[in-house]
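A quick write-up on the structure given underneath.
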Amino acid sequence: MKMRRTLLALTAVAATLGTFSTAGVAAEPYKSEYRMSLVVGTAFPWGKGGQIWADLVKERTQGRINIKLYPGVSLIQGDQTREFSALRQGVIDMAVGSTINWSPQVKELNLFSLPFLMPDYAAIDALTKGEVGKQMFATLYKAGVVPLAWGENGYRELTNSKRPVRTPADLKGLKIRVVGSPLFLDTFSALGANPTQMTWADAQPAFASGAVDGQENPMSIFTAAKLHNVGQKNVTMWGYVADPLVFVVNKDIWASWTPADQAVVRQAALDAGKQEIEIARKGLAEAGQPLLKDIAAMGVNIVQLSAAERGEFVKATRPVYEKWKKTIGADLVNTAEKAIATRQK
Ligand code: X2X
């Protein structure tokens, strides 16, 4: 009897909240607002992707699912490497997150941070759109979230305030801010630099004060965050790592939606992810990389490495690659290597 009354009460609440769609009954009442976590805001391709997702969902559910963006990982006080745990626990309802920030909890995600694994955009696509992408989504699902679509932060280039970097020797002693997985500490240590782990929120004042010399991030982050204004005047285009983004939803939140609404949220993530990748690659994927001309015009020195020069960085970081291949799982890395070797260019 008590149970029946509770059910009736719940049904009444759900009805007043308007959560009955024509396609079915929601398992639980919908929330008036869903909280989407992001590291950066809508000035960045990443934040734009989140906004597109939220807008599409709102429009296609006639406002039943209303998503608010929380950039700066503000739901967890800027501590981006805790984002995945917070998602799993329901502190965060959904996110567009970088594989780097979640790799402390999901070791397989370190795959994308293996130095010099992905030589070009076709290589990234060969992974995310192929068997590796499928396996990674299964792993994320097992780890406690519902993954829906891929996006992209981008190729992470090296910048610093001290000098042009053309060789590993040029990196010697430079204090480089890195984030996330210990893999980054290994990579920069192998190159003779002095890596230090820091959140994105803490990093920017550290560049301004000169507490750190350099960092690595996609050029779309460089321009939107105006890193040239905080001393980052030297860029080395080495394309050593690229971090995909993943559009995900907390499992309980997902289960609370009707199947029809789940389908809408999934399709909106796929559409937003596709658009976001185009925005993230703009000016970089085209011949001549026009974005770099804009950056150079701001007084930034851009080093383009020859194949031989790049090869020196590859060689110096090879032991890190081998070490982490075991941690990530040799089978997964082998699958990735094969997908890249046979990619469509
Ligand atoms: O902190 C970074 O470097 C950033 C913004 O790229 C990530 O969140 C991985």
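The figures here come from the full heavy-atom set of this structure, side chains too, leaving out hydrogens, waters and symmetry mates. We count ligands from 1, going down the list as the structure has it; atoms in each ligand are counted the same way. What you see is a predicted model, and the numbers here were worked out from it, not measured in a lab.
Each of R88, K68, K31 was compared with D93 under the salt bridge (charged side-chain N to carboxylate O under 4.0 Å, His left out) criterion, and only K31 meets it.
With ligand atoms numbered from 1 in the order given, ligand 1 contributes 5 (C), 7 (C), 8 (O) to contacts under 4.0 Å with heavy atoms of W46. When each atom of ligand 1 is checked for a heavy atom of V39 under 4.0 Å away, the hits are 5 (C), 8 (O). The N153 neighbourhood of ligand 1 comprises atoms 6 (O), with distances under 4.0 Å to a heavy atom of that residue. Within the listing of ligand 1, atoms 1 (O), 2 (C), 7 (C), 8 (O) sit less than 4.0 angstrom from a heavy atom of Q80. The contact set between ligand 1 and S98, taken as ligand atoms under 4.0 Å from a residue heavy atom, comprises 9 (C).
For ligand 1, one of its N or O atoms has an N or O atom of N101 under 3.5 Å away. Not a single N or O atom of E216, backbone or side chain, sits closer than 3.5 Å to an N or O atom of ligand 1. Polar contact check, W200 against ligand 1: no nitrogen or oxygen pair lies under 3.5 Å apart. Checking only distances, D243 never comes within under 3.5 Å of ligand 1, N or O to N or O.
Protein heavy atom nearest atom 2 (C) of ligand 1, with residue, atom name and distance: R177 NH1, 3.5 Å. Counting only heavy atoms of the protein, atom 4 (C) of ligand 1 lies nearest to N217 OD1, 3.7 Å.
Counted by atom type alone, E157 and Y240 present zero donor-acceptor pairs between their side chains at under 3.5 Å. There is a side-chain donor-acceptor pair under 3.5 Å between N217 and Q215.
Ligand 1 has R156 within reach: a non-hydrogen atom of the residue lies less than 4.0 Å from it.
Within a 6.0 Å radius of NZ in K58, no more than 12 heavy atoms belonging to other residues, nucleotides or ligands are found. Around NZ of K162, the count of heavy atoms belonging to other residues, nucleotides or ligands within 6.0 Å does not exceed 12.
By the 30° and 60° cut-offs, the orientation of the rings of F313 relative to F116 is tilted.
For the pair R318 and Y321, the cation sits on the ring face: its NZ or CZ lies under 6.0 Å from the ring centre, inside 45° of the axis.
A distance below 6.0 Å separates the ring centres of F112 and W150.
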